[in-house]
Q: 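Take this structure first; my questions come after.
Just so it is clear, the values below take in all heavy atoms, side chains as well, and ignore hydrogens, waters and symmetry mates. Protein chains get the first letters and strands the later ones, always in sequence-line order, with residue 1 at the start of each.
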Amino acid sequence: MNKTVAKILIWSGVGCLVLFAAAFALGYYDGYREAHSPGSGQREVPAWLFLVLVSALMAGGIWVGAIWMRSIDEAAQEAHKWAWYWGGSIGMAVGAVIGLMAILPQAAEATLPTLWPDRADPAAYVATGGALMALVMFAGYLVAWAVWWWKRR
Amino acid sequence: MNNRLKVLRAERDWSQADLAEQLGVSRQTVNALETGRYDPSLPLAFRIAKVFGHPIESIFSETGD
């Protein structure tokens, strides 16, 4: 197995284990608190803890991505840079069209679905919009990456 | 840019995978180079020249030459 691929797999595994342990600890903490003050109604995950977890997840993702990006050859890097610019930009433009529709006054009356069926608050809309933007940018990226290699097959 | 990669490789009876391994790139990259659809960076061009034992200018030429 390629040394870099092995390194990526090992560090991804370590990252998953750390996240699993953190999620387990979080569940244990919540159960412990509920057991000692049942029905207190305070079952939310502390925001600071969630912030730390997702920050660690994102930092780990960037780190693994950097290892991987350095491991591929220059043509493969070029394909990703091209896909990042063209695919990502075109995807973002598509997402922006949807986002700009929010300018319309009648958009204030619209009830749109969010990532969570039982939530329609501003934070849920922000998260849904962000996820949709990431989705169209990723779709553009994939198409552009495939086009780059297709033209050089 | 034109290049003589395919000819030089054939002269040595190397597969694309053989050349890719010597250059430290993927087979797909060697294919893209050979078809002239990808121009290598200067460091890769120097590696190619070293592998074939030829000066860069005898391997690569401007399109139309």
Q: Under a 4.5 Å side-chain heavy-atom rule over Ile, Leu, Val, Met, Phe, Trp and Tyr, are B:L44 and B:V51 clustered together?
A: yes
Q: Could you state whether A:Y125 and A:L135 fall into the same hydrophobic cluster, counting links through intermediate Ile, Leu, Val, Met, Phe, Trp or Tyr residues with side-chain heavy atoms under 4.5 angstrom apart?
A: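 Per the 4.5 Å side-chain linkage, A:Y125 and A:L135 are not co-clustered.
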Q: As an exercise, state the distance from CG of B:D39 to CD of A:E78, rounded to the nearest 0.5 Å.
A: 10.5 Å
Q: Under the rule for salt bridge (Lys or Arg N to Asp or Glu O under 4.0 Å), what residues qualify as partners of B:R27, not counting sequence neighbours?
A: none
Q: For chain A, which residues from residues 11-26 of chain B lie under 4.5 Å away (heavy-atom distances)?
A: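 Residues B:G24, B:V25, B:S26 are the ones that qualify, each having a heavy atom under 4.5 Å from chain A.
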Q: Please determine whether residues A:I98 and A:M133 belong to a single hydrophobic cluster, defined as Ile, Leu, Val, Met, Phe, Trp and Tyr linked transitively by side-chain heavy-atom distances below 4.5 Å.
A: no
Q: Rounded to the nearest 0.5 Å, what separates atom NZ in A:K151 from atom OG1 in B:T35?
A: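 If I round to the nearest 0.5 Å, the distance is 12.5 Å.
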Q: So does B:R37 get a backbone contact from the side chain of A:R152, meaning a donor-acceptor N/O pair under 3.5 Å?
A: yes
Q: Heavy-atom cut-off 4.5 Å, strictly under: side chain, backbone, both or neither for B:P40 against chain A?
A: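 When you check distances to chain A, atoms from both the backbone and side chain of B:P40 fall under 4.5 Å.
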Q: Do you reckon A:I10 sits in the same ILVMFWY cluster as A:L17, going by side-chain contacts under 4.5 Å, direct or chained?
A: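 No; tracing contacts between hydrophobic side chains, which count when under 4.5 Å, never links both residues.
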Q: Give a yes or no on whether A:V136 and A:L132 share a hydrophobic cluster (residues Ile, Leu, Val, Met, Phe, Trp, Tyr; joining criterion: side-chain heavy atoms under 4.5 Å apart).
A: no
Q: Measuring from A:W148:CH2 to B:Y38:OH, what's the distance to the nearest 0.5 Å?
A: 6.0 Å
Q: Could you tell me whether A:M101 atom CE has more than 12 heavy atoms of other residues or ligands within 6.0 Å of it?
A: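 No - once you tally the heavy atoms of other residues, nucleotides and ligands closer than 6.0 Å, there are 12 at most.
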Q: Decide if atom CD1 of A:I62 counts as having more than 12 heavy atoms of other residues, nucleotides or ligands within a radius under 6.0 Å.
A: no
